[in-house]
4 protein chains.
Amino acid sequence: MSKTNLLNWFKEGQITIPTVLFSQYKAMKLDEYELVLLLQMISYLEKGNEFPTPAELSSAMTISVSECSDLLRRLIQKGFIEIQDGFTSDGIRYEKYSIEPLWEKCIDHFLLQQKREEANAIQQEET
Amino acid sequence: MSKTNLLNWFKEGQITIPTVLFSQYKAMKLDEYELVLLLQMISYLEKGNEFPTPAELSSAMTISVSECSDLLRRLIQKGFIEIQDGFTSDGIRYEKYSIEPLWEKCIDHFLLQQKREEANAIQQEET
Amino acid sequence: MSKTNLLNWFKEGQITIPTVLFSQYKAMKLDEYELVLLLQMISYLEKGNEFPTPAELSSAMTISVSECSDLLRRLIQKGFIEIQDGFTSDGIRYEKYSIEPLWEKCIDHFLLQQKREEANAIQQEET
Amino acid sequence: MSKTNLLNWFKEGQITIPTVLFSQYKAMKLDEYELVLLLQMISYLEKGNEFPTPAELSSAMTISVSECSDLLRRLIQKGFIEIQDGFTSDGIRYEKYSIEPLWEKCIDHFLLQQKREEANAIQQEET
């Protein structure tokens, strides 16, 4: 019994997120709802669901399905999420989300911050 | 140059979160601001800062310091975060946050959901 | 340049392993070569390669391809790895590895150890 | 009961390792015993034990305490692990291990491999 529960907990899995995302999301013009929606997206992708619906994404959030659709559209427009085409082995087209653009932006902001800190360090040495 | 950036990125670290938290936080009566505040807390604890201030916690969030203080107080009252006393080797008392209560609640909700699913499975077999 | 390197590092990914595996593998009758082979397997599965060959698995190890084949066979016989059948949408059969049996054994050993520690604690109270 | 087990499992924690370490350790002149010893070290550091003894490190390995001491010495000589001095608030000196040199070497090998792949790509274009 206990073993089944433990195994199920284990299978639910975990996501590993660079802390830079938590320190940079405001600078990246994301708010808390958008951040949590992205984390839900990452959880679904991790579990193998590559194209979760707004109904699925919002089911564990405090927002409605239509609010979730709006947020999702905005995240695509702002270039955090991308829809990619895939083809199955028998030629059927399907769509999947990619969050690679999110990590690109995250790295951009990290490198920008590093540059700013280096510049500050040089300025402090000069004075 | 590039190596320093990569090493700094690596040192910033990451946090690993059970996906159960993302599927259960609404059921646990948490909203998106509280969830993100908890994730900020986990990031700080992970980096070795055991008692981050509301100013630190809110600095990367879209909320003000005083809103953050209110959220923090609520999370303690609702039993998601605990303040623990510690003593340094020379007897100086210090305070630190513990998020173990969060994981206990998370596990409670997970086990509850498992039970519900088992009950459903039995009911479906009977009909 | 630096950004590309950082993005590539990020895309290489990471694996998250319960520390229980490191404290229990000897008790589970695994040696260091078998443990590292399992970690290589987990890395490949994580990157989406569901049926890595002995040549792939051994390429980053200090053992030969044929030694790796032997180890792999032994891990399957001892029930740490399973070969599962899958079918693509157009009915083509394929094989993939599953390491769920590894985690089941790991949980078994963890629960056994917990029981032993509880028994010890009770015995100490009685004396 | 089941909850305690799950909570204990959770508290045992996990370690998150870049897959680059698994693909590069042989190129970094490490063998499987040294790799597993490093993973044991990382597990102990993660749990807050900053200076595990050879007896602790070897307890879950198939090697003896003295073999473990030898391996440890070699890893320090080859520059994968560093011993750092720390001072408690009341001025008592203590020692702790740092595995930052491991990650530096890992990043070096990753960047080297990237360069080689870029060079190969250019050469292939030219032919």
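The sequence lines fix the lettering, A, B, ..., with proteins before strands; numbering per chain opens at 1. Being a predicted model, the structure only gives us computed values, none of them experimental.
Heavy-atom neighbours of A:K47 NZ from other residues, nucleotides or ligands within 6.0 Å: above the threshold of 12. For A:E95, the CD atom counts as densely surrounded, since its 6.0 Å shell holds more than 12 non-hydrogen atoms of other residues, nucleotides or ligands.
C:L7 touches chain A through backbone and side chain together, each having a heavy atom under 4.5 Å away. Neither the backbone nor the side chain of C:Q114 comes within contact range of chain A; no heavy atoms are under 4.5 Å apart.
Considering only heavy atoms from C-beta on, A:C106 stays 4.5 Å or farther from C:F10 through its side chain.
When A:N5, A:L6, A:T4 are each tested for a side-chain contact (heavy atoms from CB on, under 4.5 Å) with C:I107, only one passes: A:L6.
In this structure, NZ on A:K3 lies 8.5 Å from CG on C:L111, to the nearest 0.5 angstrom.
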